[in-house]
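Written out below as structure tokens is the structure these notes cover.
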Amino acid sequence: MSRDHLHGAAVTAPGAAAHVADAPFLELLARGAAAEAYDRPVLLARAEGRSDERIAALEHARLLALRVRAELEGRRRREAELSALFETAHDLAGLRDVDAVLQAIVQRARSLLGTDIAYLSLNDPARGDTYMRVTEGSVAARFQQLRLGMGEGLGGLVAQTARPYVTDDYFRDDRFRHTAAIDAGVRDEGLVAILGVPLTLGPNVIGVLFAADRRARVFEREQIALLGSFAALAAAAIDTANLLTETRSALAGLERANEIIRDRSAVIERASDVHDRLAELVLRGGGVHDVAAAVSQVLDGAVEFTDTAPADALEASRVEGHAVRHRDDWVAAVAAGGELLGALVLHGHPGLDPVDQLTLERAAMVTSLLLLARRSAAEAEQRVRGELLDDLLDARDRDPRLLRERAARLSADLDATHVVLAARLDAVAADADHEAAARRRLWAAASHLAATRHGLAAARDGGTVLLLPLEAGDSATELARRTALHLGGAVHETVTVGASGPVRDLAAAPDAAVAGYEEGRRCLDALRLLGRRGDGAAAEDFGFLGLLLAGERDVTGFVARTMGKVVAYDERRGTDLLRTLEAYFASGMSPARTKDALHVHVNTVAQRLDRVGRLLGDDWQSPARALEIQLALRLHRLADPPRP
């Protein structure tokens, strides 16, 4: 095809001309030609007299090709840098000789930056200066043996500021302090342009990594960053070497310890046995008494955990941190953070060798850890139980399904019948701190009781509120009394407890818990007003006063508790005991006037009253019981008035 034809094609088809113009540059890119080679197609076109459009297309293609070439070179350079960094990291991972790793770092830094020389200096804290550790490309002996005072030369500036510094002309740069020794070494080496980056471990500069040329040169930002990466790897290598040295030293110490241990193989076997037993106990959730039993077997003696060890021996063991002898016993304090939790006591074993003493002390330590772990777990569970009870009392979470799920995770059943109990300390505290501590003890004791009884507990209104299930055959009164006795014994204080009547459907009706709590608080206040501090009671214990204390005025319940047996007897037998009682009280409790009111024989009245006594108890005519029975009769009649 002729040149004119090509020219015409270029004119009529610019896209085709562009493709033709690209062809020589693609070939140059493919064979990695030098940048000067990209000028030749343009010069050739001009020499051949090609059209301006053809030359413009070639110029455009040349610029694009040079950009592509620069991008390719940058990528190749970055690939080489990453490869070198990877290889260095690989060397570091398999570190055997720190000098070899540092030498490789310096060599790769010099190669990638294309400098005449690269070198690394390290600080010497013992002599207060810095010295040349590794050089690559150096030819001057004096330079290789340089020692620099801290703060001298370019390296001193880098070490002081912990930042990279670069100088295009070392001898004309006055940003750092020149010294005769340093300048002589640099002059012997013939260095002009120098780049230095710090080697840092944490906040400390431990040395400097340098790259230098024997001619003026401007170091690019990418090159400074690359040298910084190598410096980080060099610092890691030094740190690893230090750790290896420390490890070898530790291993040497362990070897010496092993020699001692081998000399006392019997001691090791015993210690191993103790360790295995205690570890097994901890892993399978054993308690402090299990630890005492295991140590008893190992020491061939009776070991017990107690909180009533002799005070002087217990305090001496806590202060010294060792088991101490007390008569024929040994006492090891079980303590944590200065708090005494109890003691392990080895009885009747006055002769105890140091190894057995250490065994007892380790057992005490394991016991303290078990107690703390149990306490932490218990406190976490107590908080969760308290949060659920708070939600029930505040009626914030009314989703029955969620309430049941949360309760089930705590082994509580909100569908069971419960009693709400309000508990409060009655002792007067010496100050606010003592009062707060006493309240915390009360809450802890209540939480423990709730956990063991599958209930809930929370601190509230200066006291504690509990939600406990009511077992079949039990009563709210008995539950309140047992709770007051238990809590009082646990905190060694007087604790008064007021209880609600039975509450049901707590998940479906959270307001039931609120009403129960208010009823329990009223009972608590009534007990304290009546001087029955340290006791426990429910609304049913106050007779007709219970109607005033009860939140919902349970008239039916009051009537049933007071004279329900008489009502049931009349309904079952068709008798007139209720009418006889009404006439008896209306006649001033006179059998003679009662028989006139009922128009029956006096013996009939006596027989009916005797039956009432067997149903209600021998004390039914006492003033207090008589008052309650009369009130119950009136309420029963009002609730079920006679029909005409």
Side-chain angles (χ1 to χ4, degrees), residues 385-398 400 403 406-407 412-426 439 442-443 446-447 449-450 453 455-470 474-484 487 494-562 631 635:
R385 290 180 183 275
E387 290 169 359
L388 176 56
L389 184 51
D390 282 335
D391 285 347
L392 285 172
L393 294 176
D394 295 334
R396 291 194 296 265
D397 188 353
R398 293 180 176 273
L403 288 172
R406 292 171 61 189
D413 181 9
L414 295 184
D415 292 324
T417 301
H418 286 75
V419 172
V420 184
L421 303 107
R424 187 172 300 170
L425 292 165
D426 285 305
R439 288 181 180 178
L442 175 62
W443 173 76
S447 298
L449 177 62
R453 289 288 312 277
L456 305 173
R460 202 171 186 89
D461 299 325
T464 301
V465 56
L466 297 95
L467 182 68
L468 298 180
L470 187 64
D474 202 359
S475 67
T477 298
E478 290 301 320
L479 183 57
R481 288 173 178 169
R482 289 199 306 271
T483 302
L487 295 179
T494 301
V495 178
T496 306
V497 177
S500 71
V503 293
R504 300 171 180 84
D505 300 326
L506 288 169
D511 289 339
V514 179
Y517 177 53
E518 293 300 326
E519 183 177 331
R521 288 184 62 191
R522 285 193 290 270
C523 288
L524 173 63
D525 293 339
L527 284 171
R528 301 177 77 183
L529 288 172
L530 293 172
R532 293 173 57 184
R533 298 176 184 270
D535 199 359
E540 62 189 23
D541 299 312
F542 293 93
F544 72 91
L545 290 176
L547 293 177
L548 303 177
L549 297 173
E552 297 180 356
R553 305 294 190 267
D554 185 11
V555 174
T556 303
F558 172 71
V559 173
R561 291 191 298 271
T562 305
L631 178 60
L635 292 173

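What you see is a predicted model, and the numbers here were worked out from it, not measured in a lab.
- For R482, the salt bridge (charged side-chain N to carboxylate O under 4.0 Å, His left out) partners two or more places apart in sequence, or in a different chain, are D474.
- Atoms OG1 and CG, on T494 and L487 in that order, are 12.0 Å from each other to the nearest 0.5 Å.
- Looking at every heavy atom in both residues, A446 comes nearest to A457 through O-CB, 3.7 Å.
- For the atom pair R522 CZ and L524 CG, the distance stands at 12.0 Å (nearest 0.5 Å).
- The line from CG of L466 to NE2 of H418 is 11.5 Å long, rounded to the nearest 0.5 Å.
- The side chain to side chain donor-acceptor pair (under 3.5 Å) check on T464 picks up nothing, with sequence neighbours excluded.
- Among residues two or more places apart in sequence or in another chain, the salt bridge (charged side-chain N to carboxylate O under 4.0 Å, His left out) test is passed with D415 by R404.
- The shortest heavy-atom contact between S500 and A538 is O-CB, 4.3 Å.
- When every heavy atom of A476 is checked against every heavy atom of A499, the shortest pair comes out as O-CB, 4.0 Å.
- Residues satisfying the side chain to side chain donor-acceptor pair (under 3.5 Å) criterion with R521, sequence neighbours excluded, are D461.
- Looking at T483 and R453, their side chains never come closer than 4.5 Å, going by heavy atoms from C-beta outward.
- When all heavy atoms are compared, the tightest approach of P502 to L470 is CG-CD2, 3.9 Å.
- The CZ atom of R439 lies 8.5 Å from the CZ atom of R424; values are rounded to the nearest 0.5 Å.
- Every residue was checked against the side chain to side chain donor-acceptor pair (under 3.5 Å) condition with R481, not counting sequence neighbours, and none meets it.
- Summarising the geometry of R533 relative to T496, their closest heavy-atom pair is CA-OG1, 3.4 Å, with the distance given to 0.1 Å.
- Taking all atoms of both residues into account, the shortest heavy-atom contact from V495 to A484 is O-CB, 3.6 Å.
- Taking the side chain to side chain donor-acceptor pair (under 3.5 Å) definition, one finds that T477 meets it with E540, D541, sequence neighbours left out.
- None of L421, L456, V419 except one satisfies the side-chain contact (heavy atoms from CB on, under 4.5 Å) rule with L468; the exception is L421.
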